[in-house]
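Note sheet for the following structure.
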Amino acid sequence: MSFLGRIRGAASRRTLLLAGAGVLTLALLAVLVPALLPGEDGSDECRQAPVSVRAQARDPERAAKELDPGEGVTRTGPLKRLLRATGSPLCEGADGTRLAGRALVAATTGRTTADQHEPARPHTERAARVAHAAVLLLSRGNKSHQPDFPLGLNPYLAQMFASYIQDTSREVMLGAVRDWKQPTATDEEAAYEDRSGSGNWATPFPSGRDVHVVFPQFETAKKVVRRVATSPRAFATLYDAERARYAWYLERLTDTAQERPEKPESGTLSTELELEQSATLVAELMTSRTLAVKEGLVSSSDAFDRSVLRHTRGLYHPADHRIRTRPSTATLAQRHPDASAGSGEKAAERLMDGRVQLFAVFDAWVRERGIPEGRAERIRIRMDTRYANSLNLL
């Protein structure tokens with residue numbers, strides 16, 4: 001063989017050896033890389049929502065049926081898979097948090113995300129159980145005791161909480177209902193009798209048709225709401241819903257600031273507690289605003305406030321006379337605003353001052369309805385104290 005041939009032969013053998021080494025390297029990578037990449041063990045890798053939930057997002061009845069955890073909340077597997085509540089979290093985006101969020105809204109509100117403007121109907125047992133289980137699962141973080149679900153879920157969770165705003169407001173202040181072990185309660189089941197007459201621990205003005213969600217364990221709902229409201233759009237949804245509930249409640253009180261005119265001797269304790277709920281939830285939302293800035297989710301509190309102003313529906317005022325109708329609590333967040341929140345820096349500043357929003361509405365109601373000043377002042381002090389305590393200012 002010529003000298004040139006020997007060189008060519010050596011080059012060919014070297015090429016084959018290099019090619020073989022390359023194939024072996026690729027084979028090893030194919031085996032090792034999946035093992036080395038983060039995955040189901042709580043790593044940073046994310047997963048898309050199951051493809052099957054597309055049908056759920058379009059069909060509320062199907063979504064509630066398939067995600068229903070049962071009366072004992074023991075069948076949470078489908079909801080865990082939807083929310084990716086264990087292992088790798090949901091990916092942000094259309095096929096992750098948005099798809100899962102749409103299915104959750106359909107299951108818990110009875111309406112698709114596209115139909116949220118349609119009149120709400122009283123919740124079903126199934127829908128309320130799904131809401132209960134979703135809060136239970138999302139309150140447990142993968143890396144800590146605090147919720148750490150993807151922020152892309154926030155707008156959808158806000159719609160869910162807004163649909164149950166009476167129950168959300170109650171449990172953010174009071175926590176889980178003592179001695180009540182079920183995930184839901186009907187208006188009838190929540191009724192009670194005491195010295196002052198009949199009452200209802202789920203709602204002050206029961207329609208007789210509602211099913212209420214009873215969120216699990218102490219402060220579970222509060223923890224989830226606090227994370228949800230770090231997103232300005234979600235904040236606006238919850239803020240609107242609570243201020244609408246606040247107006248709904250005030251306009252149904254008597255001219256002596258009581259829930260039941262037939263029991264004038266019963267005082268205003270129930271009124272004070274109900275209005276303290278509003279003060280507590282509004283303060284909790286403001287805490288979320290502070291948290292959003294602290295964690296760098298927004299550039300500044302001013303930027304957060306401007307975004308909330310863009311997303312809010314407006315301002316809510318009670319009627320100037322007593323209203324006696326008792327609509328389903330599922331409809332409270334759909335109340336049409338009574339005025340625009342305005343625009344510009346001053347409007348944002350005023351909107352995001354929780355005290356201003358609470359007491360401007362309250363004081364106008366006191367004047368219009370002729371509420372006795374001593375009674376009004378006592379309620380005002382209770383509300384302000386609760387608001388300050390919830391903000392940890394005292």
Side-chain angles (χ1 to χ4, degrees), residues 49 79 82-85 89-90 92-93 96-109 113 116 127-128 130-142 144-173 175 213 215-245 277-278 280-298 301 304-305 307-308 310-313 332-333 352 354 390-391:
L79 196 55
L82 171 72
L83 300 174
R84 302 301 193 193
L90 274 169
E92 299 280 4
T97 52
R98 292 215 296 271
L99 179 57
R102 287 168 49 214
L104 184 65
V105 168
T108 56
T109 71
T113 53
Q116 288 297 298
V130 175
H132 171 103
V135 169
L136 177 65
L137 294 173
L138 293 176
S139 67
R140 303 166 179 168
N142 282 328
S144 71
H145 295 296
Q146 297 301 316
D148 59 4
F149 52 84
L151 297 178
L153 284 175
N154 285 356
Y156 305 98
L157 288 167
Q159 288 184 20
M160 180 191 80
F161 279 122
S163 186
Y164 296 86
I165 191 61
Q166 176 63 33
D167 307 322
T168 300
S169 179
R170 179 187 69 245
E171 297 209 25
V172 164
M173 185 178 99
V213 60
F215 292 113
Q217 304 171 11
F218 181 65
E219 291 195 339
T220 303
K222 180 187 288 189
K223 291 193 297 184
V224 177
V225 166
R226 183 172 289 186
R227 180 167 175 84
V228 167
T230 57
S231 300
R233 176 182 165 191
F235 181 107
T237 298
L238 292 170
Y239 199 28
D240 285 355
E242 180 53 33
R243 288 180 296 121
R245 191 194 77 86
Q277 286 183 198
S278 287
T280 301
L281 184 51
V282 170
E284 282 294 328
L285 295 179
M286 297 305 165
T287 300
S288 295
R289 169 182 176 263
T290 302
L291 187 62
V293 176
K294 181 179 178 180
E295 294 188 352
L297 302 178
V298 291
S301 57
F304 190 97
D305 296 352
S307 184
V308 172
R310 287 194 300 272
H311 286 104
T312 187
R313 299 176 66 207
L332 299 187
M352 296 301 287
S390 298
L391 281 177

- Hey, what do you get for CG (L157) to OG1 (T237), rounding to the nearest 0.5 Å? 11.0 Å

- Rounded distance [0.5 Å steps], CE in M286 versus CE in M352: 4.5 Å

- R245 and Q166 side chains, donor-acceptor separation under 3.5 Å: yes

- Can you tell if the side chain of L83 reaches within under 4.5 Å of the side chain of F149, non-hydrogen atoms only? no

- Heavy-atom donor-acceptor pair, N154 side chain to A234 backbone, under 3.5 Å: no

- Task: Could you tell me the separation between the OG1 atom of T312 and the CG atom of D240, rounded to the nearest 0.5 Å?
- Result: 3.5 Å

- Query: Any idea which heavy atoms bring V282 and G354 closest together, and the distance?
  - Reply: CG1-CA, 3.8 Å

- Any R102 side-chain heavy atom under 4.5 Å of L99 side chain: yes

- R227: partners by salt bridge (charged side-chain N to carboxylate O under 4.0 Å, His left out), with sequence neighbours left out: none

- Message: Would you compute the distance between atom CD of E171 and atom OG1 of T280 and round it to the nearest 0.5 angstrom?
- Response: 13.5 Å

- Query: Does some side-chain heavy atom of V135 sit less than 4.5 Å from a side-chain heavy atom of V213?
  - Reply: no

- Query: Without hydrogens or angle criteria, can the side chains of S390 and E284 be said to hold a donor-acceptor pair below 3.5 Å?
  - Reply: no

- pair R98-Y156: side-chain heavy atoms closer than 4.5 Å: yes

- Atom CG in L285, atom OG1 in T290: separation rounded to 0.5 Å? 11.0 Å

- Note on the structure: In this structure, CD1 of I165 is separated from CD of Q277 (nearest 0.5 Å) by 10.0 Å

- Query: Do V298 and P232 come within less than 4.5 Å of each other through their side chains, counting heavy atoms only?
  - Reply: yes

- Message: Using every non-hydrogen atom in the two residues, find where R84 and A49 come nearest and quote the distance to one decimal.
- Response: NH2-C, 4.2 Å

- Name all residues meeting the side-chain contact (heavy atoms from CB on, under 4.5 Å) criterion together with L291; count only those two or more places apart in sequence or in a different chain, and write none if there are none. R226, T230, E295

- Non-hydrogen atoms of Y164 and T108 that approach each other most closely: OH-O, 2.6 Å

- Quick one: are Q159 and L104 in side-chain contact, heavy atoms under 4.5 Å? no

- Minimum heavy-atom distance K223-S139, with the two atoms named: NZ-O, 3.9 Å

- Item | Contact check, side chains of F215 and T220, non-hydrogen atoms, under 4.5 Å | no

- Query: Any sub-3.5 Å donor-acceptor pair from S163's side-chain atoms to M160's backbone N or O?
  - Reply: no

- Note on the structure: Nearest heavy-atom contact between L238 and A162 is CD2-N, 4.1 Å

- Going by heavy atoms in the side chains, are D305 and R289 under 4.5 Å from each other? yes

- Message: I'd like to check the ring-ring contact (aromatic ring centres under 6.0 Å, His included) partners of F235; sequence neighbours left out, ordered by chain and number.
- Response: Y239, F304

- Query: Closest approach of A127 and A107, non-hydrogen atoms and distance?
  - Reply: CB-O, 3.2 Å

